[in-house]
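In what follows, a single structure is set out as structure tokens and then discussed.
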Protein chains: 2
Amino acid sequence: MVAGPTSTGPGKERLRLWIRLLRASRTIEAELRERLKKEFDTTLPRFDVMAALYRVPEGMLMSDLSRFLLVSNGNVTGIVDRLVSEGLVTRARRNGDRRTSMVRLTEEGAKSFATIAAVHEGWVGELLGGVSDDEARRLAGMLKSFRSNWEGRE
Amino acid sequence: MVAGPTSTGPGKERLRLWIRLLRASRTIEAELRERLKKEFDTTLPRFDVMAALYRVPEGMLMSDLSRFLLVSNGNVTGIVDRLVSEGLVTRARRNGDRRTSMVRLTEEGAKSFATIAAVHEGWVGELLGGVSDDEARRLAGMLKSFRSNWEGRE
DNA sequence: TTATAAAACTTTAAGCTTGAAATAATTTCC
DNA sequence: GGAAATTATTTCAAGCTTAAAGTTTTATAA
């Protein structure tokens, strides 16, 4: 998914775009992953889950998390398990529907996330430093329209 | 890495861009992974390795592959192991430097890749269909400049 | 009601991924 | 020449990821 087009023709331009998109996000992702590990001894998936939960103090269901993060159910189970064992997150059985459990950041989890998120935002600013403000806005706009199209599509 | 900004301020615009970039590439990647599995019973990492090798009939060293694909050495070892066991790739010890081994597509591997790549290119065209030709070119240009900046940076 | 379907989640097996440690071959340099 | 550093690769442990199968609980509907 990271190699070049293997042909010429009409699909070539979009294939090139896709490869660049993927290389850019992999490069940035790898750098962020490494820094999260080195500086905070955590991982991207844990960070993602905590970021999702941070926005919603009342908590999220497992299925909400997996939908929001674009990953499978079983995946979220494992990550939340580890966050619970680290005391950063709680899983609370609900009275209403006993199949579901509400996942919330603990106080320690919220505090920890806030610290990391502030540094993380600085890293992203640094890593995307080569993109001008104007470009950043236009790129973000294009990607937003891609997303809307996509969501209409399914 | 997929949740929204947690603050306002100067870094906010680039953080938003990064989150959209990541969501877009994850969405497309997930779709391509699923189709590769369903239609060709293969995986993205295998496809990536084969794409890299397809461009270079004389083959690549393990370390070339890992550098090119932006993944770790140990990772490539496992993927190549599996491709070898499937008869799609060969690993040849070199006379000159016996630490290295040259990895090449087999005839079957090249044939298989060509088939998959053609379909894959069509998928990408379809999945990025919402992006106009003009946008595709501009986006690709921006991402290229990002990449150059990055590479100068390290 | 009460079988049947659907929903929410967990478990499992297989594969991907990394960073660190281990091996083996080559180079460097005294 | 031979110790020491470097390079290329593999192995390993831990964690991430998915799809599919399994469990428990709730909803549907004949």
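Small disclaimer: the values here were computed from a predicted structure and weren't measured. The figures that follow rest on heavy atoms only: side chains count, while hydrogens, waters and symmetry mates do not. The chains referred to below are lettered A, B, ... by the order of the sequence lines, with proteins before strands, and numbering in each begins at 1.
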Between CD1 of A:Ile79 and C1' of D:dT18 the distance, given in whole Å, is 12 Å
### Message
D:dT24, OP1 or OP2 - any side-chain N/O from A:Arg98 closer than 4.0 Å?
### Response
no
message: Check this one for me: any side-chain N or O of B:Asn75 less than 4.0 Å away from OP1 or OP2 of C:dT18?
response: yes
When rounded to whole Å, the NZ to P distance for the pair B:Lys37 and C:dG15 reads 8 Å
Would you say B:Leu44 and B:Glu29 make side-chain contact, with heavy atoms under 4.5 Å?
yes
Testing D:dT18, C:dT17, C:dG19 for proximity to the side chain of A:Ser72, the answer is D:dT18
Would you tabulate the nitrogen or oxygen pairs shorter than 3.5 Å linking the protein to nucleotides 8-10 of chain D?
| unit_1 | atom_1 | unit_2 | atom_2 | d |
| --- | --- | --- | --- | --- |
| D:dT9 | OP1 | B:Ser101 | N | 3.1 |
| D:dT9 | OP2 | B:Ser63 | N | 2.7 |
| D:dT9 | OP2 | B:Ser63 | OG | 2.5 |
| D:dT10 | OP1 | B:Arg91 | NH1 | 2.8 |
| D:dT10 | OP2 | B:Thr77 | OG1 | 2.8 |

To the nearest angstrom, the CG-C1' distance between A:Asn95 and D:dT25 comes to 14 Å
Rounded to whole Å, the CG-P distance (B:Asp41 to C:dA14) equals 14 Å
Go through the steps for B:Arg14 and A:Glu126 under the test salt bridge (Lys or Arg N to Asp or Glu O under 4.0 Å), then give the verdict. CA-CA 9 Å; B:Arg14 285 194 179 77; A:Glu126 173 198 339; over 6 Å; no
When rounded to whole Å, the CZ to P distance for the pair B:Arg82 and C:dT17 reads 9 Å
- Query: Are any side-chain N or O atoms of B:Ser101 and backbone N or O atoms of B:Arg91, one a donor and one an acceptor, separated by less than 3.5 Å?
  - Reply: no
Sorted by position of nearest nucleotide on DNA chain C, 5' first, the leading residue of B:Arg46 and A:Ala30 is B:Arg46
Quiz item: Which is it for A:Arg94 and A:Thr100 under the side-chain hydrogen bond (donor to acceptor under 3.5 Å, both in side chains) test, yes or no, and what are the steps along the way?
Solution: CA-CA 6 Å; A:Arg94 281 203 306 177; A:Thr100 66; 3.0 Å; yes
Separation of C:dG19 atom P from A:Arg35 atom CZ, nearest Å, is 14 Å
Separation of C:dC16 atom C1' from B:Leu69 atom CG, nearest Å, is 13 Å
| task | Could you tell me whether A:Arg35 and A:Glu31 have a side-chain N and a carboxylate O separated by less than 4.0 Å? | result | yes
Distance flag, aromatic centroids of A:Phe113 and A:Phe47, threshold under 6.0 Å: yes
A:Leu44 CG to D:dG15 C1', in whole Å, measures 13 Å
So CG of A:Asn75 and CG of A:Leu69: to nearest 0.5 Å the spacing works out to 9.0 Å
